[in-house]
K.L.:
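Next up is a structure, given as structure tokens.
What you see below is based on every heavy atom in this structure, not just the backbone, and it leaves out hydrogens, waters and symmetry mates. Numbers restart at 1 for each chain; the letters A, B, ... are given by sequence-line order, proteins then strands.
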Amino acid sequence: LISSLAHELRTPLAVVVGYAELLRTRDDPAVRKEASERILEAAERLSRALDDLLVVFALDRGHLQVDVQPLELEHAVRQAVRLFGGKTSGCSIALRPPSAWPQVYGDQEHLDRVLVDLLRIVCRHTPVGSEVEVAVTADGATASIDVSGGGPTLSPEQLATVFDRLPARDPAAGGTGLELYKARRLVELQGGAISATSRPGAGSTFTITLPIAGEQDVG
Amino acid sequence: MSAPRILIVDDDEALRRLLRTTLDAAFEIAEAEDGTRGLELLEVFRPDLLVLDWKMPGRWGGEVLDEVRSTHPNLPVIVLTAEVKPQHRHLAEQLGADVFLTKPFSPLEFLAVVERLLPGRSAEHGGA
């Protein structure tokens, strides 16, 4: 794990170091603008890789604190879309709300983390200008959040293992290879489940289901 | 004299862009995001220098380098990689890499290596 992640950390670090040196040695305003933007992007990438690493270490040791309680699903979903939306470009989010937003059992911080990761993964594989759809439904016992977009397109074999711990830059997962493993573990700790479907040419859908909070928990 | 041509094969878009900006307009650049595309471009673009990542999905750097050496024995090759273990360096050298650079790296050091491998070919670049 460490060896695999070391590779995933060194490349964005190279981008930070390289552009910092270009900032120091080049006067061209266009180069300096590009450098500052790319340093920020690489720093965010490093931050995400570090988050994957720390959360997975904590999960594997049973040290991760999860505070499951009734929460407003509308607030959680809209917050995740807002957190993600400010950081991305070329990918718009279409939110399809349910007829009535339910309360669900979950941990606000970890649910946000999972939703933002899913949005990022789907957006990464969605053509620029296309929509990523977040559709929420509730059926009485569970609420479902579908995150759909242009990809990644996953084969049946990839679908079978996509929520496992994968090597960094695995074609099915990209990045650290830990994002979807982390998502599955975090959703399960909240009493929910996560699944994926994919059709060639039609993109993929990641679905999170969470138990709807009972009347006795409301308020 | 035409601008020296450099082919960059690396699966990381941000890294490719850094190298392109480092080399700037004084060089003619082509990019490939994996080894298979890199080998295709090798024949079409006919570079004077190859910059090759080591760990990539699909055909990895060692496999690409082995094939490059069978068809382009004299093409200067810089392996630029996040793999820091000595066995990777040894293998790259055995396969015929001219230079093995590890990430993170200094763009100035990278430019110095390029100029050393392209004596009399590297154009003035936009430095300080």
K.L.:
Using non-hydrogen atoms only, which part of A/E34 is less than 4.5 Å away from chain B: side chain, backbone, both, or neither?
P.N.:
side chain

K.L.:
Testing the basics here: between B/A82 and A/R10, what is the closest heavy-atom pair and its distance to 0.1 Å?
P.N.:
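Reported closest heavy-atom pair: O-CD, 3.2 Å.
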
K.L.:
Could you tell me which non-hydrogen atom of A/G18 sits nearest to which non-hydrogen atom of B/P107, and how far apart they are?
P.N.:
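Smallest interatomic distance, heavy atoms only, reads O-CG, 3.3 Å.
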
K.L.:
With rounding to the nearest 0.5 angstrom, report the CD to CZ distance, A/E41 to B/R17.
P.N.:
8.0 Å

K.L.:
Identify the two heavy atoms, one from A/A14 and one from B/K103, that lie closest to each other, and give their separation to 0.1 Å.
P.N.:
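Looking at all heavy atoms of both residues, the closest pair is CB-CB, 3.7 Å.
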
K.L.:
What option among B/L15, B/L18, B/V84 has the most heavy-atom pairs under 4.5 Å with chain A?
P.N.:
B/L18

K.L.:
Report the distance from atom CG of B/L111 to atom CD of A/E21, rounding to the nearest 0.5 Å.
P.N.:
9.0 Å

K.L.:
Tell me whether B/E13 at atom CD has more than 12 heavy atoms from other residues, nucleotides or ligands lying less than 6.0 Å away.
P.N.:
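Enclosed.
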
K.L.:
OG1 of A/T11 to CG of B/D10: how many Å apart, nearest 0.5 Å?
P.N.:
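Here the rounded value is 7.0 Å.
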
K.L.:
Looking at A/R26 and B/T21, would you say the former's side chain and the latter's main chain have a donor-acceptor pair under 3.5 Å?
P.N.:
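Here the side-chain-to-backbone pair exists.
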
